[in-house]
Amino acid sequence: MKAIALLSVKLTVLKQNERIQLLAQTLKQAGFKAPIRNQIRTEIWIKLWGNVAFNPISALTGATLEDICRYPLTRELARQMMTETQAIAENLGIKFGITLEQRINGAENVGAHKTSMLQDIEAGRATEIDAIVGAVAELGKLTQIPTPYIDAIYASVKLLEATKLKI
């Protein structure tokens, strides 16, 4: 069994100053990774890039991040959903500083982590499907970028909520 401590805090600021540098230094001394970033929209999109695929796939399958990334069919499904998401983001002016494969490999390296959406399903709670996947599907429509994989997975999780959770 592999245990990974996620001790990382990204400090995203418009401009660096002495206070933010002191905060980053304090977090580092406490054992956290604390890079200072200045592109908050890019950081949000990189997080969303993975969440739009990994969260609903895990909710539908009960699989962890490493399971999704190591099983060829779900890895490909995640890749397709992330490709659609990247096209939308780039249309909106976002430039990812990492490749799609690097993002997937990063998720795989997290290990046997259950996504929040899977945890919601297991606990009988409504998921954040609309805020994550539904929002990207809507942006696809607004930018006229087709999102067939995203749309199919979105519909599947909505059905799961309607039938299992009676939402």
Side-chain angles (χ1 to χ4, degrees), residues 6 8-17 20 24 33-111 113-121 125-162 167:
L6 299 177
S8 180
V9 176
K10 291 180 185 173
L11 304 171
T12 307
V13 296
L14 294 177
K15 70 177 195 176
Q16 290 190 32
N17 60 38
I20 197 68
K33 294 178 184 176
I36 300 172
R37 310 289 168 110
N38 62 0
Q39 297 293 325
I40 192 165
R41 288 183 60 189
T42 300
E43 295 297 324
I44 290 168
W45 272 98
I46 289 173
K47 175 78 171 163
L48 180 62
W49 197 21
N51 284 355
V52 78
F54 300 125
N55 274 359
I57 293 171
S58 70
L60 291 167
T61 64
T64 65
L65 286 179
E66 71 181 357
D67 294 332
I68 294 165
C69 296
R70 290 180 181 166
Y71 186 69
L73 295 175
T74 51
R75 185 181 184 99
E76 180 58 25
L77 175 57
R79 182 182 292 111
Q80 293 296 333
M81 294 176 73
M82 292 171 74
T83 297
E84 292 172 0
T85 303
Q86 185 174 6
I88 294 164
E90 288 176 349
N91 184 273
L92 296 171
I94 301 299
K95 302 284 186 235
F96 293 115
I98 61 173
T99 67
L100 190 143
E101 281 303 314
Q102 287 172 316
R103 180 65 179 91
I104 292 173
N105 290 339
E108 182 178 356
N109 290 335
V110 170
H113 171 73
K114 288 185 176 185
T115 68
S116 59
M117 202 174 287
L118 172 55
Q119 291 176 48
D120 288 339
I121 292 294
R125 295 186 302 256
T127 70
E128 63 271 313
I129 189 71
D130 291 318
I132 297 173
V133 183
V136 174
E138 186 175 334
L139 287 170
K141 288 176 181 57
L142 291 171
T143 57
Q144 299 181 349
I145 295 172
T147 56
Y149 289 93
I150 289 172
D151 295 344
I153 293 299
Y154 176 75
S156 298
V157 173
K158 292 299 283 186
L159 177 61
L160 178 65
E161 285 185 332
I167 295 175

> Does the side-chain contact (heavy atoms from CB on, under 4.5 Å) test come out yes or no for Glu101 and Arg75, once each step is laid out?
CA-CA 10 Å; Glu101 281 303 314; Arg75 185 181 184 99; 2.9 Å; yes
> Rounded to the nearest 0.5 Å, how far apart are CZ of Phe96 and CD of Gln102?
12.5 Å
> For Lys141, what residues pass the side chain to side chain donor-acceptor pair (under 3.5 Å) criterion, not counting sequence neighbours?
none
> Using side-chain contact (heavy atoms from CB on, under 4.5 Å), reason through Arg79 and Met82 one step at a time and then give a plain yes or no.
CA-CA 5 Å; Arg79 182 182 292 111; Met82 292 171 74; 5.8 Å; no
> Does atom NZ (Lys114) have a neighbourhood of more than 12 heavy atoms from anything else shown, all under 6.0 Å?
no
> Check Asn55, Leu77, Val52 against Ile153 for a side-chain contact (heavy atoms from CB on, under 4.5 Å) and give me the one that passes.
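Passing option: Leu77.
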> So, taking the atom named CD in Gln144 and the one named CG in Leu139, what distance separates them when rounded to the nearest 0.5 Å?
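That separation rounds to 13.0 Å.
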> May I have the step-by-step check of side-chain contact (heavy atoms from CB on, under 4.5 Å) for Ile20 and Asn17, ending in yes or no?
CA-CA 6 Å; Ile20 197 68; Asn17 60 38; 3.8 Å; yes
> What distance do Ile132 atom CD1 and Asn51 atom CG have between them, rounded to the nearest 0.5 Å?
5.0 Å
> What distance do Ile94 atom CD1 and Leu48 atom CG have between them, rounded to the nearest 0.5 Å?
10.5 Å
> Just verifying a value: how many Å separate Glu76 CD and Met81 CE, rounded to the nearest 0.5 Å?
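Output value for this atom pair is 12.5 Å.
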> Quickly, which of Val136, Thr147, Ile145 forms a side-chain contact (heavy atoms from CB on, under 4.5 Å) with Glu84? Name it, please.
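One option only clears the test, and that one is Thr147.
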> Name all residues meeting the side chain to side chain donor-acceptor pair (under 3.5 Å) criterion together with Tyr154; count only those two or more places apart in sequence or in a different chain, and write none if there are none.
Asp130
> Rounded at 0.5 Å granularity, tell me how far CD in Gln80 sits from CG in Leu100.
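Reported to 0.5 Å precision, the distance equals 9.5 Å.
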